[in-house]
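Following: one structure in structure tokens, then a few remarks.
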Amino acid sequence: MASPDKSSSQPKSPAPQSDQKTGAGITPRSVSYSDWYLDIIHKAELAEHSAVRGCMVIRPHGYAIWEKMQRELDDRFKATGHVNAYFPLFIPLSFLTREEQHAAGFAKECAVVTHHRLKTIDGVVQVDPDSKLEEPLVVRPTSETIIWHQYKNWIQSYRDLPILINQWANVVRWELRTRLFLRTAEFLWQEGHTAHATEAEALTETQRMLDVYADFAENVMAVPVIKGRKTPGERFAGALDTMCIEAMMQDGKALQAGTSHYLGQNFSKGADVKFLNREGKLEYVYATSWGVSTRLVGALIMTHSDDTGLILPPKLAPIHVVIVPIYRKDEEKERVYAEADKVKAELSAQGLTVKFDDRDNLQPGAKFYEWESKGVPIRIEIGPKDLEKGVLCLVRRFVLEQPGETPEAERKRRKSFVPRAEAIAGIPTILAEMQKELYLRALAFRAARSRIIDSLEDFERFFKQEGGGFAWVHFAGSSDDEDQLSKRFETTVRCIPLPDQIPPEAQGSGTCILTGQPSPQRVIMAKAY
RNA sequence: CGGGGCGUAGCGCAGUCCGGUAGCGCGCCUGCUUUGGGAGCAGGAUGUCGGAGGUUCAAAUCCUCUCGCCCCGACCA
């Protein structure tokens, strides 16, 4: 168990939040995890609230991270045979009623367009009452229904299958309680919608895309995930099976980072999409859908960042290297700038994104803090001394913690002076190391906050006294039993892990922690975002 | 959507109890000096006090309504 909370060593004074912020203007995680999260987003200029309730503005630095995610994911979708397309934002209300379960799942959070015109009445611009739509349009909360309506026209025989389409889009779910990136009324995502001739092929697709998500999370985001399936209660509305990847945040809570659904014939029946199979018989098409959203940016923040600011895995960092010039006289400035330009060019030639911070109204220290809070993995300081010695001063955004080390010592360890050529050639290696270390650090954190638990007493102690995390428990109860546990401990079954996701010590059958019924395997219970 | 808290300059806040016409720090602009971990001095600009009504000679302050954010619940990616 890692020491999850340093607040115990601090006086629990009712001081205003601002007094508890660090010099960086960030509330320490130990004081308030949610304030910390918002401070990070603010300091790193990732996003902010807009004039519209529950909707956020994604600022350039935040959007650049999303664009990097998009690129990585899109490449993987293409590599697995998918193509992109685009379907409408609006869905006729009647479409949603065709798949009952699906409609019920989203009914409570739909934005509905009912009019199509404004009119100035008594000098006030308002909705023209005479412009009512014959059929209201629902702003898509997800696109299964409208996409399957279209697939009906595209599918006649098994030769038309499979259809492997993805779309990048925004969707709207009228959430009551929102948090930047994690849950907003409008969000950006991708949704894959595939059509198959057989159940087996659709099931394979469901699993394959889950694997794509897990690969992306672990190798690009450096976020370790556990692959599993949802319980019936947590399943996507209208799916026969929902598979997911679950990640652990620094407060021990689980975050669903991606889902892949096997939809069976539910949507093809709803839209009446049949095909002629090889035997010449009409059959309903088998479907999958899968998606990840801008929520992943939230996952990224909550997995890696520290009390100084954002920490980004190099593969998703919009800027890999920032160069900060140091000089006194104009003559020095000239030489330093010339060198900075050269270093930038040489690194750019290696495919790295480099920012030369040539603002002359800030002192170097201010720039250091700013770029650290924005998560730039490597800083190069270039000053007259470096020019003389032929070295570059490299500073890493983070290094793996060493127990008992003072912040000053750690700062020193992050900094190194390296012969110029060696430094330039070595930066990709450093970035690769950081990428790996971030993953290992997150993995170690998750391990430290995971427990195998066999009794309700231990379960209660874990979540109420020991900070909680992932509890590997045997659970064989009903949905009602799950609700009961949720009410008592605020925990839910995050997933039923796939067999190869279960560590050796957690394998095997047992008896349900709540009901004592026999249970074939352990599940992960946790508090969740 | 229920309970609690908060909206005052770009950011963080004081002022609200007890009405008298708005202030502090940071940031911003100009100039000079500075620059290897958040610069100094001098001068300067910036506010429909979240919004709408009301009470009053007078409202950031009192009353009513409303919008938004944060926290805790219910719901959810």
Side-chain angles (χ1 to χ4, degrees), chain A residues 14 16-19 21-27 32-35 37-39 42-43 45 48-56 105-109 141-142 171-191 213 230 233-234 236-237 242 244-247 254-261 290-299 308 324-330 332-333 336 359-373 379-387 391 393 395 407-408 411-412 414-415 417 483 486-487 490 492 528-529:
Chain A
Q17 223 96 75
S18 57
D19 289 1
K21 289 188 182 184
T22 62
I26 294 169
T27 306
S32 166
Y33 196 74
S34 53
D35 283 343
Y37 176 74
L38 293 166
D39 287 345
H42 180 243
K43 283 292 283 190
E45 298 179 351
E48 57 194 36
H49 294 283
S50 72
V52 185
R53 177 196 186 103
C55 293
M56 67 174 166
F106 288 102
K108 279 174 282 182
E109 46 187 17
T142 178
V171 286
V172 168
R173 296 180 189 174
W174 212 259
E175 298 290 347
L176 301 173
R177 189 172 163 189
T178 60
R179 303 188 72 188
L180 292 176
F181 289 115
L182 297 178
R183 180 166 296 107
T184 45
E186 179 193 19
F187 57 95
L188 306 183
W189 78 344
Q190 59 67 217
E191 46 181 328
Y213 287 154
K230 288 295 187 186
E234 297 264 330
F236 173 70
T242 289
C244 61
I245 50 172
E246 293 285 328
L255 185 116
Q256 179 177 301
T259 50
S260 183
H261 315 288
W290 28 273
V292 297
S293 72
T294 38
R295 168 178 250 211
L296 290 179
V297 178
T308 304
V324 177
I326 289 146
Y327 54 87
R328 287 168 190 274
K329 306 167 213 147
D330 282 351
E332 286 175 346
K333 178 178 176 180
V336 165
R359 291 174 294 179
D360 59 6
N361 59 330
L362 290 181
Q363 287 202 307
K367 295 179 184 177
F368 300 167
Y369 281 104
E370 177 174 331
W371 294 113
E372 283 178 3
S373 76
R379 173 174 79 240
I380 300 179
E381 301 172 18
I382 299 180
K385 290 181 206 163
D386 309 310
L387 294 182
V391 301
C393 172
V395 187
E408 292 73 30
R411 183 195 280 180
K412 210 166 205 174
R414 286 168 38 214
K415 201 161 179 167
F417 294 87
D483 286 348
S486 164
K487 289 214 171 71
E490 298 170 354
T492 48
Y529 275 99

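Here is the naming used below: chain letters follow the sequence lines, and residue numbers restart at 1 for every chain. Please read these numbers as outputs of a predicted model, since none were measured by experiment. Quick note: numbers below take in every heavy atom, side chains included, and nothing from hydrogens, waters or symmetry partners.
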Gap in Å between the two P atoms, one belonging to rU16(B) and one to rA58(B), rounded | 22 Å
Considering only atom C1', compute the distance from rU46(B) to rA9(B) and round it to an integer number of Å.
-> 6 Å
Hey, is the main chain of Leu182(A) close enough, under 3.5 Å, to the side chain of Arg295(A) for a donor-acceptor pair?
-> yes
Identify whether any heavy atom of Phe187(A) sits under 4.0 Å from a base atom; if not, whether one sits that close to sugar-phosphate; answer base, sugar-phosphate or nothing.
-> base
Would you classify Pro384(A) as touching base, sugar-phosphate or nothing, given that sugar-phosphate means primed atoms plus P, OP1 and OP2, and contacts are heavy atoms under 4.0 Å?
-> base
Keeping the roles fixed (side chain from Asp386(A), backbone from Gly383(A)), state whether a donor-acceptor pair exists under 3.5 Å.
-> yes
Lys487(A) NZ to rC75(B) P: how many Å, rounded?
-> 7 Å
Closer to the 5' end of RNA chain B via nearest nucleotide, is it Ala528(A) or Cys393(A)?
-> Cys393(A)
Go through rC11(B), rC70(B), rG36(B) for me and flag the one nearest to the Lys385(A) side chain.
-> rG36(B)
Please work out if Thr184(A) contacts a base, only the sugar-phosphate, or nothing of the nucleic acid, heavy-atom cut-off 4.0 Å.
-> base
Glu332(A) side chain to Lys329(A) backbone, donor-acceptor under 3.5 Å | yes
What are the two closest non-hydrogen atoms of Gly105(A) and Ala237(A), and how far apart are they?
-> CA-CB, 3.6 Å
Can you tell me, in whole Å, how much space there is between the P of rC28(B) and that of rC11(B)?
-> 14 Å
Figure out the NE2/P separation between His42(A) and rG12(B), and round it to whole Å.
-> 6 Å
Ranking Gly233(A) and Pro325(A) by the position along RNA chain B of their nearest nucleotide, the one closer to 5' is Pro325(A)
CG of Leu180(A) to SG of Cys55(A): how many Å apart, nearest 0.5 Å?
-> 11.0 Å
Separation between the P atoms of rU48(B) and rG23(B), rounded to whole Å = 15 Å
Would you classify Gly54(A) as touching base, sugar-phosphate or nothing, given that sugar-phosphate means primed atoms plus P, OP1 and OP2, and contacts are heavy atoms under 4.0 Å?
-> sugar-phosphate
Spatial distance of atom OG1 (Thr242(A)) from atom NE2 (His261(A)) [nearest 0.5 Å] | 4.5 Å
Aromatic Phe187(A) / basic Arg173(A) pairing, under 6.0 angstrom, 45° off normal = no
Could you label the plane-to-plane angle of the Trp290(A) and Tyr213(A) rings as parallel, tilted or perpendicular, counting under 30° as parallel and over 60° as perpendicular?
-> perpendicular
Scanning all shown strands, the Watson-Crick or wobble mate of rG73(B) with both distances under 3.5 Å is rC1(B)
Could you check which nucleotide pairs with rU64(B) in any of the strands shown, counting Watson-Crick or G-U wobble with both distances under 3.5 Å?
-> rA52(B)
Separation of rG27(B) P from Arg359(A) CZ (nearest whole Å) = 13 Å
Work out which heavy atom in Thr184(A) is nearest to a heavy atom in Arg179(A); give both atom names and the distance.
-> CG2-O, 3.7 Å
Distance between C1' atoms of rG12(B) and rA59(B) (Å, rounded) | 25 Å
Identified pairing partner of rA59(B), criterion: Watson-Crick or G-U wobble below 3.5 Å | none
Taking atom C1' in both rC63(B) and rU56(B), compute the distance separating them and give it to the nearest angstrom.
-> 12 Å
Watson-Crick or G-U wobble partner of rG19(B), both distances under 3.5 Å = none
For Gln256(A), answer base if it contacts any base atom (sugar-phosphate contacts may also be present), sugar-phosphate if it contacts only those atoms, and nothing otherwise; contact means non-hydrogen atoms under 4.0 Å.
-> sugar-phosphate
Take atom CH2 of Trp174(A) as the centre, draw a 6.0 Å sphere, and report whether it contains more than 12 heavy atoms from other residues, nucleotides or ligands.
-> no
Is Arg328(A) side chain donor-acceptor paired with the rG36(B) base, going by distance under 3.5 Å alone?
-> no
Specify the separation, in whole Å, of atom OH of Tyr327(A) and atom P of rG36(B).
-> 11 Å
P spacing across the pair rU35(B) / rG40(B), given as an integer number of angstrom = 13 Å
Using purine N1 to pyrimidine N3 plus N6-O4 or O6-N4 for Watson-Crick, or N1-O2 and O6-N3 for G-U wobble, both under 3.5 Å, which nucleotide pairs with rC32(B)?
-> rG40(B)
Quickly work out the Asp39(A) CG to rC70(B) P distance and round it to whole Å.
-> 12 Å
Counting only Watson-Crick or G-U wobble pairs whose two distances fall under 3.5 Å, which nucleotide matches rA9(B)?
-> none
note: Glu332(A), atom CD; rU34(B), atom C1'; distance rounded to Å ~ 13 Å
Separation of rC75(B) atom P from Glu234(A) atom CD, nearest Å, is 10 Å
Please tabulate the protein-to-nucleotide N/O contacts below 3.5 Å involving nucleotides 71-73 of chain B, giving atom names and distances.
unit_1  : atom_1 : unit_2    : atom_2 : d
rC71(B) : OP1    : Ser34(A)  : OG     : 3.2
rC72(B) : OP2    : Arg177(A) : NH2    : 2.6
rG73(B) : OP1    : Glu490(A) : OE2    : 2.7
rG73(B) : N7     : Arg177(A) : NH1    : 3.3

Measure from the side-chain heavy atoms of Ser293(A) and tell me the nearest of rC69(B), rA77(B), rG37(B).
-> rA77(B)
Hey, is Tyr369(A) doing a stacking thing with rG38(B), by the 5.5 Å centroid and 30° angle criteria?
-> yes
Rounded interatomic separation in angstrom, taking CD from Glu372(A) and C1' from rG38(B) = 11 Å
For atom P, what is the distance between rA14(B) and rA77(B), given to the nearest Å?
-> 38 Å
Who is the Watson-Crick or G-U wobble partner of rG27(B), with both distances under 3.5 Å?
-> none
